[in-house]
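Only this structure's heavy atoms are used, side chains among them; waters, hydrogens and symmetry mates stay out.
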2 protein chains.
Amino acid sequence: MLDTITLKSPSDAAVMLRPNGLSTAQMFATGCPHQPGLRKVAANETLWCEGEQREHIFIVRSGTVCFSRMLPDGRRIVLGFAYPGDIIGIGSDFHCCDAQTLQVTRLEAIPAAAFKRAVNDDPVLGKRAAAAVNQALDAAYHHVVVISKLSASERLASFLMGLSVRNEKHGLSPLSVLLPMRRIDIADYLGLTIETVSRTFTMFKNAGWIALDQANIVIFTDIQKLRALASGECEEAHRP
Amino acid sequence: MLDTITLKSPSDAAVMLRPNGLSTAQMFATGCPHQPGLRKVAANETLWCEGEQREHIFIVRSGTVCFSRMLPDGRRIVLGFAYPGDIIGIGSDFHCCDAQTLQVTRLEAIPAAAFKRAVNDDPVLGKRAAAAVNQALDAAYHHVVVISKLSASERLASFLMGLSVRNEKHGLSPLSVLLPMRRIDIADYLGLTIETVSRTFTMFKNAGWIALDQANIVIFTDIQKLRALASGECEEAHRP
DNA sequence: CGCCTTTTGTAACAACGTGCAACAACAGGG
DNA sequence: CCCTGTTGTTGCACGTTGTTACAAAAGGCG
């Protein structure tokens, strides 16, 4: 008798373990035929699992996607987030992490084979794809630095300043950010517990560096201090 | 008057900060003309610095290379190591980390321009280069997992098992490894202090899981236990 | 060989972050 | 309306790790 314990192939196991029980192909079998490739996905849906074969490359049009890995005992590590404008799913032929939506998310899906052909035909697109992978590698190295050497407050400041910089790049104000993810996602991203994240938010608020509106909207009231914290320049910061 | 403080360009700054004061071009201006590209580099030499423009792609023939980043206050983070057979220096046009030799190291240097041309001409080589970048990304994600969720003993076990697996792949015994790096490099790689690394080595030795020969040769006397620790399967492991 | 420097090992103490608990705020549904 | 589940916050005790200090071992060099 077949059960999940006996499965050996990572991609089989990944499909079996999907929270919604659907493969990517099944999930995207239905959709609006007038706008081929454009899909609307509900919140908390799994786009793909670690070990699965890549079927689509996606362009995020709205919403947020969260990339994570799981340890055998269930501990979760968030590797990053994707926001509107990001191209996600490029890289090797097999996904190296899970991907889940955090909100209702609109995605433009490009079949992997079509994307591969397009890259081969168009050297400019190829360079852009390569640049995206390099950017991901750079971000991963930055992530390692943040997690291995920064204190809890430095980590949270680094995270918030990353969102601030992103806002600025997209023509929005860098002085406030909207958090589409929950505290647990931030904690798993920064290598902390949810309690520490919550406590650090409160500390920032009490110190007068941020103001919180309904826990998901952060207004920076002393962005200089936060920037200094984020880059690890503060002498008085207590590090792990 | 010009001093290092006033420098703004990252690549200029990087060159100024090189320990040996030489640029990559200068370092590789001399060499054996009979074996074009093959270079012998002393231990503790800087191959390149973060932010510098890529000038060469290297193939490691012998020795060990250490990749690291520095925080403004001098804290160092080791991002990885390269061993014989590894191709290093591929990725974007600018280096995203420092690279230093840990031992006397023989390198085959391929000028970046020549490598670029070869990649454009040969799609197979292009795929191999892309695969190498993807592999680096996968390793970086694994690194994030190790650093953010594993305890000190789990991290050290993970590091040692990584070397063991590498030995096995290269036809050597997986039951012992030689550490070409110092304790401080291991500590900076695992996000720990040198004292914790030392304590954990002693703990492994007292627990009967390893035997140490002159601090640089590790013999695994209970590799099952170490493997379980490394993958984060041990219930009794106390985590950060 | 002896001296020096560098690296590594060990110990005590302090501290940051965790784990567990209770509690508050909020939304959804019957 | 109350009930329920989820999420976020806070208090307190504890533990792993960092810090500091010093000793021991290894390697370089005259």
Would you say the side chain of [Y] lies within less than 4.5 Å of the side chain of [X], judging by non-hydrogen atoms?
X	Y	answer
Leu47(B)	Asp98(B)	no
Leu71(A)	Lys149(B)	yes
Val144(B)	Leu79(A)	yes
Tyr189(A)	Met181(A)	no
Phe220(B)	Met161(B)	yes

Just N and O in the side chain of [X]: are any of them under 4.0 Å from OP1 or OP2 of [N]?
X	N	answer
Ser198(A)	dG8(D)	no
Ser151(B)	dT16(D)	no
Arg183(A)	dT9(D)	yes
Thr193(A)	dT18(C)	yes

Within the side chain of Arg76(B), is there an N or O that forms a donor-acceptor pair under 3.5 Å with the backbone of Met70(B)? no
Between [atom2] of [N] and [atom1] of [X], the distance in whole Å:
X	N	atom1	atom2	value
Leu156(A)	dT9(D)	CG	P	11 Å
Asp188(B)	dG18(D)	CG	C1'	14 Å
Ile184(A)	dT9(D)	CD1	C1'	14 Å
Lys205(A)	dG8(D)	NZ	P	13 Å
Glu195(B)	dT8(C)	CD	P	12 Å
Asp185(B)	dT6(C)	CG	P	16 Å
Ile194(B)	dA21(D)	CD1	C1'	15 Å
Leu179(B)	dT7(C)	CG	P	16 Å

Once hydrogens and angles are ignored, does a donor-acceptor distance under 3.5 Å link the base of dG18(D) to the side chain of Arg199(B)? yes
Residue mapping more 5' on DNA chain C - nearest nucleotide basis, Leu192(A) or Phe201(B): Phe201(B)
Indicate yes or no: does Asp86(B) engage Arg61(B) in a salt bridge with an N to O separation below 4.0 Å. no
Any chance you could list the contact pattern along nucleotides 23-30 of chain D? Use B for base contacts, S for sugar-phosphate-only contacts and - for none, protein heavy atoms under 4.0 Å, 5' to 3'. --------
